[in-house]
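Here the structure comes first, spelled out in structure tokens, and everything after it is commentary.
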Amino acid sequence: MNKILLVLYLTLMVCAISCSKEEGVGGDSGKQSFLDVSLSTINYAAEKDASLVEVSTDGDWQAACDADWITLSAKEGEESTAFIIGVSSNLKFAREAVVTITAGKKSKEIRITQSGVSVIEFEINGVDFKFLPVEADTSFWLDGMTYLATRTVYLDSYFISETEITNEQWRAVMGSLPYENENSFPKLPVVVNWNNITNEFLTNLNTLNDYTFRLPTENEWEVAAKGGLKSENTGYPGSIYIDEVAWYWDNAYGQRHNVATKIPNELGLYDMAGNVSEWCSDWYQEWTDDNLPPSESTNPTGPESGTEKVIRGGDFRANQFEYDRNNCSPSARDFLPPDIATEDFLYDGYYHYTGFRLVIPKN
């Protein structure tokens, strides 16, 4: 029995020594026995900033991070040394990342958070532009009017222009207006076709600013119109009373009006109903009982091709009745060819006065 106990004892000792070496306790010099870092979380404001991090260990260490907005003054070191974690200015939404420190088989994480901005503002040739956030990163249930095409749509967060793009904003980017007789009406929403926006205005604007701009998808437009996560489920964007938020058939006297003269919706966006209808990036596809959009989708961009582009929101000739295609409901869909040429956009028996607003995407 004593021999059996001795064998068991020696076996346990061998296992214990082996495990100790695996953990780096009294083992090979390349195995660290401890690893500590001075910070486990760092919270930055939106401005450019940096922090000193001390690493304590008894061997070599490495630091790594995949986020391109984070810089490391050193990615490796020996024993107890320090390095600097820097962050660039954040011009969009709050963001997070992890810096991982490893030493042998041990590792520590430093969680980095940086707050974002609540508004994006800039000037081009002395003219102000303002974009407001649509906090998303979640799914929205959208109840399309046509054939009850209800669907659940996941959207990333984005910024969207506070107002429809105005004559003065167009002129600041392009140097002139599509219709020179409107030079004395700077705050009217510009009326322009889809091709001129994407091929000319966006091309110029994206060279004049550090942001990347595009037209909203129709789902981004609809979520913004309805107030996003702040929605109060009103019938019109920002109110149950159409006259409070929209220039339309009954109050517009057959003409466009200066932007931001009605009350905004829950997100602070003006004229999401009426005044001018608004271009979206999607090709139009009619929804029928046999041709419905997907019941669930992530950042959808619509069909790959088509002949007309989606327009949303109704214009100053719109009425408040759902049976009319040009109406002010945030769920109503309409369409126009992207290259339509005339100022009043007569198409398919309807007159349209169509402008646009822009999106700055999250990524």
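Predicted model only: the values in this text are computed from it and were never measured.
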> Going through the distances and angles, do D339 and N195 end up as a side-chain hydrogen bond (donor to acceptor under 3.5 Å, both in side chains)?
Replying inline: CA-CA 6 Å; D339 59 350; N195 280 357; 5.0 Å; no
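- Scanning both residues, C328 and P237, for their nearest heavy atoms gives O-CD, 4.1 Å.
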> Given the rule in the ring-ring contact (aromatic ring centres under 6.0 Å, His included) test, do F131 and F159 qualify, once you have shown the distances and angles that lead to the verdict?
Replying inline: CA-CA 6 Å; F131 288 72; F159 286 81; 7.9 Å; no
>> Between K130 and T163, is the side-chain hydrogen bond (donor to acceptor under 3.5 Å, both in side chains) condition met? List the steps.
In response: CA-CA 8 Å; K130 186 175 182 179; T163 68; over 6 Å; no
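- Remark: E78 CD is loosely packed, at most 12 non-hydrogen atoms of other residues, nucleotides or ligands lying under 6.0 Å away.
- A parallel orientation is assigned to the rings of F122 and F129, their planes being inclined by less than 30° (bins at 30° and 60°).
- Remark: R151 engages E222 in a salt bridge, criterion side-chain N to carboxylate O under 4.0 Å.
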>> Apply salt bridge (charged side-chain N to carboxylate O under 4.0 Å, His left out) to residues E220 and R214 and explain how you reach the verdict.
In response: CA-CA 12 Å; E220 288 172 337; R214 60 170 172 80; 2.8 Å; yes
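- Partner W247 forms a side chain to side chain donor-acceptor pair (under 3.5 Å) with one of N275, D271, T261, N258 and no other, that one being T261.
- When all heavy atoms are compared, the tightest approach of W283 to E308 is CE3-O, 3.2 Å.
- Note that the CG atom of D128 and the CD atom of Q169 stand 8.5 Å from one another [nearest 0.5 Å].
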> After noting the C-alpha distance and the side-chain angles of N125 and R171, does the key distance pass the side-chain hydrogen bond (donor to acceptor under 3.5 Å, both in side chains) rule?
Replying inline: CA-CA 9 Å; N125 293 324; R171 186 170 54 208; over 6 Å; no
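- In plain terms, the two heavy atoms of G302 and D282 that are nearest each other are N-OD2, 3.4 Å.
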> What do the steps show when you test T354 against S277 for side-chain hydrogen bond (donor to acceptor under 3.5 Å, both in side chains), and what is the final call?
Replying inline: CA-CA 5 Å; T354 307; S277 54; 2.9 Å; yes
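- Between K92 and I360, the closest side-chain pair of non-hydrogen atoms falls below 4.5 Å.
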